There are 2 protein chains.
Amino acid sequence: MNLKELSELLNLSQTTVSRALNGFPEVSERTRERVQKAAKQNNYAPNKAARGLATGQALTIGHVISTTNQNEMVNPVFGDFVAGVGEVYSKHGYKMILSIVPPGEDEYQVYREFKAQSTVDAVVVQSPSVNDGRIEFLNELGIPFIVHGRASECTVPYAWLDVNNRSAFVRATDFLHDLGHRRIALLNGREHMDFAHRRRQGYESSLQSHGIKIDQSIVFSSDMTESYGYQRTAELLKIDNPPTAILTASIIVALGARRAVQEAGLTVGQDISIVTHDDRLSYFHNNADVPMFTATKSSVREAGQHLAEMLIQMIANPLMEPPNELLEVELTIGQSTGPAPSK
Amino acid sequence: MNLKELSELLNLSQTTVSRALNGFPEVSERTRERVQKAAKQNNYAPNKAARGLATGQALTIGHVISTTNQNEMVNPVFGDFVAGVGEVYSKHGYKMILSIVPPGEDEYQVYREFKAQSTVDAVVVQSPSVNDGRIEFLNELGIPFIVHGRASECTVPYAWLDVNNRSAFVRATDFLHDLGHRRIALLNGREHMDFAHRRRQGYESSLQSHGIKIDQSIVFSSDMTESYGYQRTAELLKIDNPPTAILTASIIVALGARRAVQEAGLTVGQDISIVTHDDRLSYFHNNADVPMFTATKSSVREAGQHLAEMLIQMIANPLMEPPNELLEVELTIGQSTGPAPSK
DNA sequence: TGAATTTTCCAAAGCGCTTTGGAAATAATT
DNA sequence: AATTATTTCCAAAGCGCTTTGGAAAATTCA
């Protein structure tokens, strides 16, 4: 069923039917209702390509994910973020195109194609690095975009929504310091990623403000896997002056850390404290009455929802200033922290 | 830059340019090269909507994810699966549309819209339940589709790619039996899901073939979260006749189980054995020299790649029989299993 | 009642591409 | 040289929609 058939069925012109469905004022309520009913009955909806061609709008937003090599991680946060974003898109009638860039291919080429083909109205940039080239590139290319996170070294204005990773890790480190910990290890994410860079800053800034010298031998940076948490923690427990507390970048890493601690016959929350960032992933509830981990919490799903709303506003209003939003985390106390053991 | 401009630039007709780019034989090699070069230089690519309208092809494949309620899990497998699928799509020039169905809305309505709007050429059905209504629905609607998994109670033919979950869990259970375990608990996924249903069958079939009566009090079914693994295991360790081995549905659940075991002061692989299914998620390497867990392994990312190839074949060849593919798992021995402790 | 205004509707153009049916130019055959 | 085949190209139609400019019908006003 297309517009022509529907309008013939109704004995109306295509114009009138189109206007009735698109809420134009110059069509009577009676006609509009008749049209809407017939459309529903015949399961009519305007052909996406035709509509896009006529309006110049794709009603589609692009997400580009680069898997630079075969073993590169798929960000575990990805699923929940996309779920949040996608809910909002569909409420506003937008579709999401997910483009996976295979190993060896050029992410920028995907954006160029998007532009040339008019596949999308806007783009979401995920996992920005400290000096992410995509921001300048997209600005030049002229595709509206919003960044989930920030790029510290980018000075031009651009739209972003970020968690305050710096203050989160200041607070986490301060908290451990308040508990008497003086030797605090950091199992960070890969520090070319902006969020990890900022967490490191927060960590160092807190230590410095307490007059503690930073010991690079207990600071690590890697993909956030369980085995990373396990390995580094196991090693840390064997050194001469082992840390009494560990700060980890995600629950997955924290689980690895906890495993190493338990295997060493120590108790988390007594012998060793662990504080982690918690993205509130749906398959890692950390919200028992007393949560498993003390954590800086921030729902990545809600971030996605919020970011999508911002982007849709930007599309509707192309001249607006790029919006920015900085979300603060909650610091919630769980079972994984306690006073530093006295020597 | 559109086709008209490009053809004027080249002093050719639009037809010739279009044919040159689309590989038609009736254009000379010299002309073709000239055209291709100019297209690349001017970053020309055919407008997606216009091309779709003209050809009737969307070059797009739909994935519909239902988040039935606010707290429902996002499947942790999702990210890796989508990465696998997406790589293949982009190699073949296909786009992936991801449609998140917000809580309270109707998944079927999304498919109806896909059909009415011709947004997609085909659809991937994820996480099928035992008697999944989508299969019949899509057959009637007339959208080509392939299922990741199967629906046990569906008798009509349809395209699918699945892991042999039944044989996987037969083998896992047999293996534990061989090690002397007689009391084997099962922490399954939600059993309305087909994969969990089949795993249960495999588990029971193995036990029965060894003459072991099934004890429903040590069989569980739930969302596959870490805390599920932890809770159930902690409870199991307290009952009168606790199991000596546990079969879990995913590494995430296994991690929870391991935590409970360690907290009880027991050792995994000695006091309690754990076997899990391992989807080879990129953020849970379980492939050390001796892996952390004994596991039935099957890469969900490779499954995605394979499934995408099948679907693209189906689109190219609409009359073919619905293809099916059953992948066998590897059973790899890790540190989490050992002989049953003698009483 | 006739003119002015508002409401209601329509024909047709255009979005950018593919593709049909043929024409012009070139090469091969008689 | 004349005819036939082949190569190379093009004008124009059509995909299904939105939207412009304007006409017809209904309503209001003088």
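Residue numbering restarts at 1 for every chain, and letters A, B, ... go by the order of the sequence lines. In what follows, every heavy atom counts, from backbone to side chain, and hydrogens, waters and symmetry copies are set aside. From a predicted model like this one, the values you see are computed outputs, not experimental measurements.
Between the CZ atom of A:R51 and the C1' atom of D:dC15 there is a distance of 17 Å, rounded to whole Å. Distance CZ (A:R30) to C1' (C:dC9): 13 Å, rounded to an integer number of Å. Separating the CD atom of B:Q57 from the C1' atom of D:dG16 is a distance of 17 Å, rounded to the nearest angstrom. In this entry the distance linking CG of B:L59 with P of C:dT18 reads 11 Å, nearest Å. One can place CD of A:E29 at 20 Å from P of C:dT6, the figure rounded to the nearest angstrom. Here D:dG14 presents its P atom at 18 Å from CG of A:L3, a figure rounded to the nearest Å. Between B:Q117 atom CD and D:dC17 atom P the separation is 10 Å, expressed in whole Å. Residue B:N22 contributes atom CG, which lies 7 Å from atom P of C:dT19 at whole-angstrom precision.
Near DNA chain C, meaning a heavy atom under 4.0 Å from it, residues 7-14 of chain A has A:N11, A:L12, A:S13 in order of number. Within residues 32-44 of chain B, the residues having any heavy atom under 4.0 Å from DNA chain C are, by residue number, B:Y44.
Judged as a side-chain contact (heavy atoms from CB on, under 4.5 Å), and not counting sequence neighbours, the contacts of A:P144 are A:A122. Applying the side-chain contact (heavy atoms from CB on, under 4.5 Å) test to A:R19 and every residue at least two apart in sequence or in another chain returns A:T15, A:F24, A:E26. With sequence neighbours excluded, the residues that form a side-chain contact (heavy atoms from CB on, under 4.5 Å) with B:S152 are B:V130, B:D194, B:H197, B:R198. Taking B:E140 as the reference, B:E136 meet the side-chain contact (heavy atoms from CB on, under 4.5 Å) condition, with sequence neighbours excluded. Take A:S127 and apply the side-chain hydrogen bond (donor to acceptor under 3.5 Å, both in side chains) test, not counting sequence neighbours, and it matches no residue.
Between the side chains of B:N139 and B:R134, not a single donor N or O lies within less than 3.5 Å of an accepting N or O. In the model, B:T60 has a side-chain atom that pairs as donor or acceptor with a side-chain atom of B:K48 under 3.5 Å. Side-chain atoms of A:R34 and A:N11 form no donor-acceptor pair, as typed in the model, at a separation below 3.5 Å.
Of the charged side-chain nitrogens involved, none lies within less than 4.0 Å of a carboxylate oxygen, so that B:E302 and B:R280 do not count as a salt-bridged pair.
Contact between the side-chain N/O atoms of B:S18 and the OP1/OP2 oxygens of C:dT18 is found at a separation under 4.0 Å. Within the structure, every side-chain polar atom (N or O) of B:N47 is placed at least 4.0 Å from both OP1 and OP2 of C:dC15. At D:dC9, one or more side-chain N or O atoms of B:T31 fall inside 4.0 Å of OP1 or OP2 (strictly under the cut-off).
Proximity of a side-chain donor or acceptor of B:S99 to a complementary backbone N or O of B:V110 within less than 3.5 Å is not detected. A donor-acceptor distance shorter than 3.5 angstrom exists from the side chain of B:T55 to the backbone of B:R51, with no hydrogens or angles considered.
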Can you check nucleotides 20-28 of chain C for protein contacts, nitrogen or oxygen pairs under 3.5 Å, and list what you find?
none

Short heteroatom pairs, N/O only, protein and nucleotides 23-29 of chain D, under 3.5 Å:
none

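Atoms CG and CD, from B:D162 and B:E325 in turn, are 10.5 Å apart once rounded to the nearest 0.5 Å. Distance check: A:L311 CG to A:H92 NE2 gives 10.5 Å after rounding to the nearest 0.5 Å.
Proximity note for B:F24 (side chain, C-beta onward) versus C:dG16, C:dT19, D:dT18: the nearest is C:dT19. Side-chain proximity of A:L53 to C:dG16, D:dT19, D:dT8: nearest is C:dG16.
Direction of the helix axis in the helix from C:dT1-D:dA30 to C:dT29-D:dA2 shifts by 50° between the two five-pair termini, rounded to 10°.
Within the structure, no pair that satisfies the side chain to side chain donor-acceptor pair (under 3.5 Å) test touches residues 311-321 of chain B, not counting sequence neighbours. Pairs passing the side chain to side chain donor-acceptor pair (under 3.5 Å) check and including a residue from residues 109-125 of chain A, sequence neighbours excluded, read A:E107-A:Y111, A:Q109-A:R112, A:Q117-A:T119.
Position along DNA chain D of the nearest nucleotide to B:P25 versus B:A50 favours B:P25 as the more 5'-ward residue. Toward the 5′ end of DNA chain D lies the nearest nucleotide of B:S28, the other residue of the pair B:T55 and B:S28 mapping further downstream.
Of all non-hydrogen atoms in A:P322 and A:A159, the two that sit nearest each other are CB-N, 3.4 Å.
The aromatic rings of A:F81 and A:H148 sit parallel to each other, their planes meeting at less than 30°, with 60° as the upper class boundary.
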